[in-house]
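Quick notes on the structure that follows.
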Amino acid sequence: VGASRQMKNANFPLDAEGRTFHLGCRKGEISNRMLSVGDASRAQLLSQFLKPFPNGDPVFNLVSSRGFSITTGVVGDSNTEVSIVTTLMGLANMDFVIRESRAVIDGPMAVVRLGTCGALQPGTLGKVLVPSDGCVLVHRNPDAFTQQSGGSANGDSPSPYLITNPVFPNAELCNGLITQLQRTLPKGPGGIKCGINCTTDSFYSSQGRIAEDFDDRNENLIQRVLGEIPNAVSFEMETFQLLHLASCSKGTIAAAACAIGLAERASNEFMTPAQLVEMEEKAGKAAMDALVSFDLSSL
Ligand code: R1P
Ligand code: URA
């Protein structure tokens, strides 16, 4: 869907075909059951589980000028529609996806995110980490880095990173996701670990990666996060916005999430590309089955 479209309504832009500004979708193209993934290759891999519609229409695919993609089809023999949406990275992109899909979908929605993440607990490389206990936002506090922020009256300097209170997944959708993951994933070193996810506003500073080129003041950040949130399992970059918007959706969106522990922060180890693809396939199928099983009328 091209960039040079005449938009109407500066408050919530739609083009002449009723397509949204960034996601590029209109009514009928995106399902009430949505799997959100970060990148195009994960979306492509998981599109193998989508079949043509019972009336013979092929699986639908759209790529917007901003790089978001939507693939809509029917899961297996269930006759239930699911859309795989490429959400890209960061809070703002998740905001575009949820707000613009909400605008063109009628009725209740269920959204599951399958991402990758930094694994915070030792021994959790390659596991699927599920924020069943909630999700906080860890974000940089620019005021702590400016000259004029000389500290408060009691002499405390402002903290360079702020940690919000948690937001929570829809319990029924999250439990369904856990059930499907337990069914699909290999026993043993693979498998799942539940806890709290920390969404961050940077892959680097607010995930405690040490940089020489910037003044980040994050040397103790991972230690602080684990001290304040002992059951923190993961660092990633979108789940907080998904769960927060769902909780502000006036009861119309159920959301849950999980992420594959791609990099273990304590040991500095990474999964191999082949291990990642295997886990994406298994966790992706589990997430789609959880979406299919979810009772939308419970919202
Ligand atoms: C950073 O590399 C990206 O990976 C994680 C983070 O949330 C961020 O988007 O998830 P995805 O693999 O889903 O993109
Ligand atoms: N995604 C993140 O946001 N952090 C990691 O360390 C790995 C994947």
Side-chain angles (χ1 to χ4, degrees), residues 34-47 66-71 83-98 111-131 135-140 161 163 167 169 177 181 193 195-211 216 218 221-222 225-226 229 232-245 255-273 275-284 286-288:
M34 195 196 298
L35 176 63
S36 154
V37 299
D39 73 356
S41 63
R42 196 174 312 142
Q44 165 82 38
L45 177 75
L46 298 181
S47 66
R66 295 287 181 172
F68 295 107
S69 79
I70 298 166
T71 310
S83 290
I84 301 171
V85 179
T86 307
T87 315
L88 310 176
M89 290 182 283
L91 298 162
N93 281 329
M94 182 59 87
D95 196 73
F96 284 129
V97 167
I98 297 304
V111 185
V112 172
R113 165 169 152 75
L114 169 63
T116 62
C117 64
L120 292 176
Q121 302 285 341
T124 55
L125 181 72
K127 284 192 191 296
V128 178
L129 306 172
V130 185
C135 173
V136 300
L137 180 65
V138 179
H139 61 107
R140 196 172 166 104
Y161 296 89
I163 304 178
V167 291
L177 178 61
L181 287 168
K193 182 158 180 70
I196 289 188
N197 173 63
C198 307
T199 295
T200 64
D201 63 348
S202 168
F203 179 82
Y204 297 101
S205 64
S206 46
Q207 290 190 17
R209 291 189 162 90
I210 307 302
D216 283 335
N218 62 352
L221 183 59
I222 294 181
V225 166
L226 287 170
I229 312 169
V233 288
S234 49
F235 268 155
E236 55 76 74
M237 300 179 63
E238 297 80 18
T239 296
F240 185 88
Q241 194 68 8
L242 168 61
L243 301 187
H244 171 56
L245 283 181
C258 62
I260 301 162
L262 177 63
E264 188 177 296
R265 299 305 306 279
S267 64
N268 255 338
E269 279 181 83
F270 246 88
M271 291 173 81
T272 66
Q275 285 170 330
L276 178 60
V277 166
E278 188 190 340
M279 289 303 284
E280 285 177 320
E281 221 166 10
K282 293 193 159 82
M288 287 164 100

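Both ligands and their constituent atoms are indexed starting at 1 by order of listing. What you are looking at is a predicted structure, and each value in this text was computed from that prediction instead of being measured. These numbers come from the heavy atoms of this one structure, side chains and all, not from hydrogens, waters or symmetry mates.
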Tell me, please, which residues at least two apart from His244 pass ring pair (Phe, Tyr, Trp, His ring centres under 6.0 Å).
-> Phe240

Contacts for ligand 1, heavy atom under 4.0 Å, by chain and number, are Gly38, Arg42, Met89, Arg113, Gly115, Thr116, Phe203, Glu236, Met237, Glu238

Could you tell me whether Gln44 atom CD has more than 12 heavy atoms of other residues or ligands within 6.0 Å of it?
->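 Result for CD/Gln44: open.
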
Is the NZ or CZ atom of Arg209 both under 6.0 Å from the centre of the six-membered ring of Phe203 and within 45° of that ring's axis?
-> yes

Between [Y] and [X], do the side chains contain a donor N or O and an acceptor N or O under 3.5 Å apart?
| X | Y | answer |
| --- | --- | --- |
| Asn197 | Glu236 | yes |
| Thr87 | Ser36 | yes |
| Ser206 | Asp201 | yes |

Across all chains, not counting sequence neighbours, the side chain to side chain donor-acceptor pair (under 3.5 Å) partners of Asp39 are Ser41

With side chain to side chain contact (heavy atoms under 4.5 Å, CB included) as the test, would you mind laying out the steps for Phe235 and Cys117 before giving the verdict?
-> CA-CA 5 Å; Phe235 268 155; Cys117 64; 5.8 Å; no

Close side-chain approach of Asp216 to Arg140, heavy-atom, < 4.5 Å =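 Yes, side chains in contact.
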
Counting only non-hydrogen atoms and a 4.0 Å cut-off, the residues near ligand 2 are Thr116, Cys117, Gly118, Phe203, Gln207, Arg209, Phe235, Glu236, Met237

